[in-house]
Structure formats: structure tokens, C-alpha cells
Amino acid sequence: MLRPILARALPFALLITLWTVDGGAQTRETKNPVEGQPKAIEQGDFVYKRRCSSCHGLDARGYRAPDLTTGQFAHGTTDAQLYRVITRGIPATEMAGVNMNEDEVWALISYLRTVIVPRADDNARGNAESGEKIYSGKAVCGSCHMVNGKGGRLGPDLSRIGLARSRAAIVREIRNASEYIPQGFEPVTVVMRDGRQIKGARKNEDSFSIQIMDTNEQLSTFLKKDLREVIDEKKSLMPDYGPDKLPEAELDDLLAYLRTLRGR
């Protein structure tokens, strides 16, 4: 009985395999049909400012997301690869797929090709080996942040921070941690009925309950009816590392190390 079933199934499986391979090849060969066209670039500029600038910056040099002017795209540089990232996003990152029509996507890619500016590599500043020692020693970053499965959970995972943030954005977030606080790490204080206060990072919240990870990395859920107050804090749980705590030379070393973290 099994052999006839497999015999019938095999041609279908082979057809699927051939379609997948051919489809993949076709995707890899797809080229931007409006590359270099002035009207497309102008439209792409408009699309970028409306859809992308809040994360990548008005000048595309990065704010909450990577600097696009370097042309170093983690998930590929071909037209087809950029199209896929823009429309589908990148799983497990802050880059969500953008709902745009095909013409807008190709126009956006045409514009992005015009903003790439060859320049000296910022990573040349600082010593990554010294920066790793600062990360795990003086700055104690690993007590709250995880890198490749090792470290704390209270702060965001930094395993691919070198791709996820521009150098300028990382500097801002080290010097002034409260300037940008990612979703899921917003500081909050819950006040119990007896006056006890528990500080942590908000993980989930609805009309009836709130879930936080406290500063000891304990995950707890509280019913709001049992609380006196829920305080949305403005100051990040991460301390600011000003020049008094982290001189410029040490900051350069730390940045050199962080920029090497590009995921596995």
C-alpha cells in the first residue's frame, strides 16, 4: 500500500521542489524596474520621509534603527532582498513589514540607492577588545543585557546591536538612556495597597492586570484591583553614562565592541 502512495506523491513533491528553486532564482534575479529614474527617486524620497524617517532618521543616518547611508544592509543588498525586507520585515526585530504597493517599494529602493555615501568607517575608532572588558567590567552592561544567550534579561538583547542601531543612536542611548526606551522595557512602579513599591519593566498590561519584570528579574503579574497605583516612570531603569562615568576614549572602545555584535 505504501509504495503506490509514495509513487503518486513523489511527482507532486518534485513539482513543489522545482517551483521553489525556480521561484527562489527568479526572486534573486529581480531588478528594480525604475532604478535611477528621477520621478521614482522623488516619489521614494516622499515615501521614505513618511514611512521610514521616524526610525532611520530624516537624513537616513539612523536614529532608532540602522544608518542606511553606509549601504551595509544585514539581510542583503540586491533589489530583491531589499524588497523582501521592506515588505516582510525582519522577524524578532523592530523592523516590521510595511504595507505599500509595489510601485512605492521600488521607488523607495531607488531613493535609498541615492543616499549611500562612502565614508570612513566609524568602527575604526576605539579598541573592541578593550571595549569588551568595559562592557563586562566597569559598565556592567551584562548584568542587564544579554549577548548571544549570556547575560541579564532586564534590558534589551544586544546580540545584534551593531546592526540594529547606528553608532550615533547607541551613543545617545548610553549617554541619555531615557531618550528612547524600547517597547517592553518601559519603566513602571506598582504601588501595593500597603504602600510597598515594586519597580520594573512593563511586559504586558490590560484593563485588569499588569505584568512586570522587577529589578531582580522576577516576572510578576498584578491585578489592578489589588494595587493602589501604577506609576509610569519617565526615567529609564538604565543609568546614564555621562563623561564622568565613561570618558570619551572608553566610550569609543565600548562602541567598537558593540558594533561587532551582529548576531550569529
Side-chain angles (χ1 to χ4, degrees), residues 16-126 128 159-173 179-180 182-183 255-256 258-264:
I16 292 294
T17 302
L18 291 174
W19 179 87
T20 303
V21 172
D22 181 64
Q26 186 177 14
T27 301
R28 286 194 298 273
E29 295 169 3
T30 301
K31 295 293 293 180
N32 186 352
V34 293
E35 182 176 358
Q37 296 182 14
K39 288 186 177 179
I41 294 171
E42 183 179 354
Q43 181 189 6
D45 184 8
F46 174 79
V47 172
Y48 175 84
K49 288 183 170 59
R50 184 163 56 95
R51 297 293 190 93
C52 313
S53 61
S54 61
C55 289
H56 291 283
L58 280 172
D59 58 1
R61 289 182 178 268
Y63 178 58
R64 300 173 181 171
D67 183 344
L68 299 178
T69 66
T70 65
Q72 298 176 6
F73 304 124
H75 292 264
T77 59
T78 69
D79 291 340
Q81 288 166 332
L82 292 177
Y83 190 101
R84 188 180 305 113
V85 168
I86 291 169
T87 55
R88 299 182 185 177
I90 304 172
T93 73
E94 296 174 17
M95 176 66 189
V98 182
N99 184 20
M100 293 190 288
N101 64 49
E102 187 174 339
D103 291 341
E104 288 179 316
V105 178
W106 288 128
L108 175 58
I109 293 172
S110 295
Y111 169 70
L112 291 177
R113 297 296 187 196
T114 71
V115 303
I116 297 174
V117 181
R119 59 181 185 272
D121 187 1
D122 283 332
N123 292 340
R125 296 165 57 182
S159 300
R160 60 184 304 278
I161 189 69
L163 291 172
R165 291 284 189 277
S166 67
R167 187 182 193 279
I170 298 174
V171 170
R172 285 194 300 267
E173 292 167 16
E179 180 176 319
Y180 171 64
Q183 185 177 3
L255 290 169
L258 294 176
R259 297 288 281 170
T260 67
L261 301 179
R262 296 174 172 245
R264 287 178 170 172

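None of these values were measured; they are calculated from a predicted model.
- By the 6.0 Å contact criterion, OH on Y180 is enclosed, its count of non-hydrogen atoms from other residues, nucleotides or ligands being greater than 12.
- Contact annotation: the side chain of R167 approaches that of R125 to within less than 4.5 Å [non-hydrogen atoms, C-beta and beyond].
- Within the 4.5 Å cutoff, the side chain of M95 has heavy atoms near those of the V85 side chain.
- Between I161 atom CD1 and R262 atom CZ the span is 11.0 Å, to the nearest 0.5 Å.
- Contact annotation: the side chain of Y48 approaches that of H56 to within less than 4.5 Å [non-hydrogen atoms, C-beta and beyond].
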- prompt: For Y83 and E102, what are the C-alpha separation, side-chain angles and deciding distance, and is it a side chain to side chain contact (heavy atoms under 4.5 Å, CB included)?
  reply: CA-CA 9 Å; Y83 190 101; E102 187 174 339; 3.5 Å; yes
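- In this structure the side chain of L258 never reaches within 4.5 angstrom of the side chain of T260, judged on heavy atoms.
- Rounding to the nearest 0.5 Å places CG of L108 at 4.5 Å from CG of L112.
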- request: Step by step, work out the side-chain hydrogen bond (donor to acceptor under 3.5 Å, both in side chains) result for T30 and D79.
  value: CA-CA 7 Å; T30 301; D79 291 340; over 6 Å; no
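- Side chain of Q81 to backbone of T77: a donor-acceptor contact under 3.5 angstrom is found.
- Heavy-atom contacts from other residues, nucleotides or ligands closer than 6.0 Å to CZ of R50 number more than 12.
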task: Determine, stepwise, if the pair L261 / S159 fulfils side chain to side chain contact (heavy atoms under 4.5 Å, CB included).
output: CA-CA 6 Å; L261 301 179; S159 300; over 6 Å; no
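- R51 contributes atom CZ, which lies 11.5 Å from atom CD1 of I86 (distance to the nearest 0.5 angstrom).
- Checked for salt-bridge contact, R165 and E173 meet the test: a charged N lies under 4.0 Å from a carboxylate O.
- Rounding to the nearest 0.5 Å gives a distance of 10.0 Å between CG of L68 and CG of D59.
- The distance from the CD atom of E42 to the OH atom of Y111 is 12.0 Å, given to the nearest 0.5 Å.
- Of all the heavy atoms in Q43 and D103, the pair that sits closest is OE1-O, 4.3 Å.
- Taken from CD in Q37 to OG in S110, the straight-line distance is 7.0 Å, to the nearest 0.5 Å.
- Pairing each heavy atom of A60 with each of V115, the nearest pair is CB-CG2, 4.3 Å.
- The neighbour count for N99 CG, taken as heavy atoms of other residues, nucleotides or ligands under 6.0 Å away, does not exceed 12.
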